[in-house]
Amino acid sequence: MKTILVLTAVEAEREAVMRGLGEDSRFEVAAAGVGAAAAAASAAARLAVPHHYELVVAAGIAGGFTDRAAVGTLVVADHIVAADLGAASMDGFLSLDELGFGSSSAKTDIVLSPQLASAIGEAGLTCALGPVLTVSTATGTAEGAAELKRRVPNAAAEAMEGYGIAVAAKNAGLPVLELRAISNQVGPRNREAWRIKDALDALSAASSILREVL
Ligand SMILES: O=C(O)c1cccc(C(=O)CC[C@H]2O[C@@H](n3cnc4c(=O)[nH]cnc43)[C@H](O)[C@@H]2O)c1
């Protein structure tokens, strides 16, 4: 039996995922640190063990785009997009793809992602299936949110680790999923409005469904 690696950013998210998964020896859950670099380094080090893993899951809380994901709801990524990785120009942002340096978008598992989103919905929770952006700087203004929507019009959420985990998974030849619970809206920064406990509770509930689906 192979192992499913679940990576969160911080310990509170790891504990929330563990609460949902319960005692299931198929899963290894670790807090990798905040940001794509920490997440990629941790994922790559773990995935260096040959033939041990079958799937990698990025999980945690996230900001939701107001038209796609409200606070307390869930998002499953169909694509993971490094939305601020590229170059600024007089004509606007240029992605890695436009620069000819590869792709800033990674596709998540084409079967499991919609299955997980549907199962979460059938359990009575609200779940969107759509692009989850990976950013180095959390958005803090309405203009910033609008610019990200220009780059990825159907973006559902933004977080800070997914693309790093997706690159490590791809390099190891493994599929990837991203599961996010929405703690705040993407837009003007208002840390007091973040509903972290609600999001962590939603993450636990969704992790329990993840266990059933896999
Ligand atoms: O303060 C706490 O108790 C606490 C508990 C759990 C998690 C946190 C975090 O701050 C986690 C940071 C993590 O969350 C993602 N995130 C959440 N909202 C956004 C956002 O609007 N934009 C970008 N990232 C967001 C991100 O992946 C961070 O790594 C605190």
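Both ligands and their constituent atoms are indexed starting at 1 by order of listing. Both backbone and side-chain heavy atoms feed into the values below; hydrogens, waters and symmetry mates do not. What you see is a predicted model; the values in this text were computed from it and never measured.
Looking at ligand 1, you'll find an N or O of Glu158 within less than 3.5 Å of one of its N or O atoms. The distance criterion of under 3.5 Å between nitrogen or oxygen atoms is not met by Gln185 with respect to ligand 1. Geometrically, ligand 1 and Met160 share a nitrogen or oxygen pair separated by less than 3.5 Å. Considering backbone and side-chain atoms together, Glu161 places an N or O closer than 3.5 Å to an N or O of ligand 1.
The atoms of ligand 1 that sit less than 4.0 Å from any heavy atom of Ala138 are 22 (N), 23 (C). Less than 4.0 angstrom separates some heavy atom of Arg180 from each of these atoms of ligand 1: 27 (O). Within ligand 1, the atoms closer than 4.0 Å to a non-hydrogen atom of Val10 are 6 (C), 7 (C), numbered from 1 in the order shown. In the vicinity of Val34, heavy-atom distances shorter than 4.0 Å reach the ligand 1 atoms 29 (O). Using a 4.0 Å cut-off to heavy atoms of Asn184, the atoms of ligand 1 that qualify are 17 (C), 18 (N), 19 (C), 20 (C), 21 (O).
Annotation: cation-pi pair Arg151/Phe93 present, NZ/CZ under 6.0 Å from the ring centroid and within 45° of its normal.
Note that the CD1 atom of Ile165 and the OG1 atom of Thr8 stand 8.5 Å from one another [nearest 0.5 Å]. For the atom pair CG (Leu203) and CZ (Arg14), the distance works out to 12.5 Å, reported to the nearest 0.5 Å.
Salt bridge annotation for Glu143-Arg150: absent, with no cationic side-chain nitrogen under 4.0 angstrom from a carboxylate oxygen.
For the 3.5 Å distance criterion, the side chains of Ser95 and Glu98 qualify, holding a donor opposite an acceptor. In summary, the side chains of Ser207 and Arg211 do not present any donor paired with an acceptor at a separation below 3.5 Å, with no hydrogens or angles considered.
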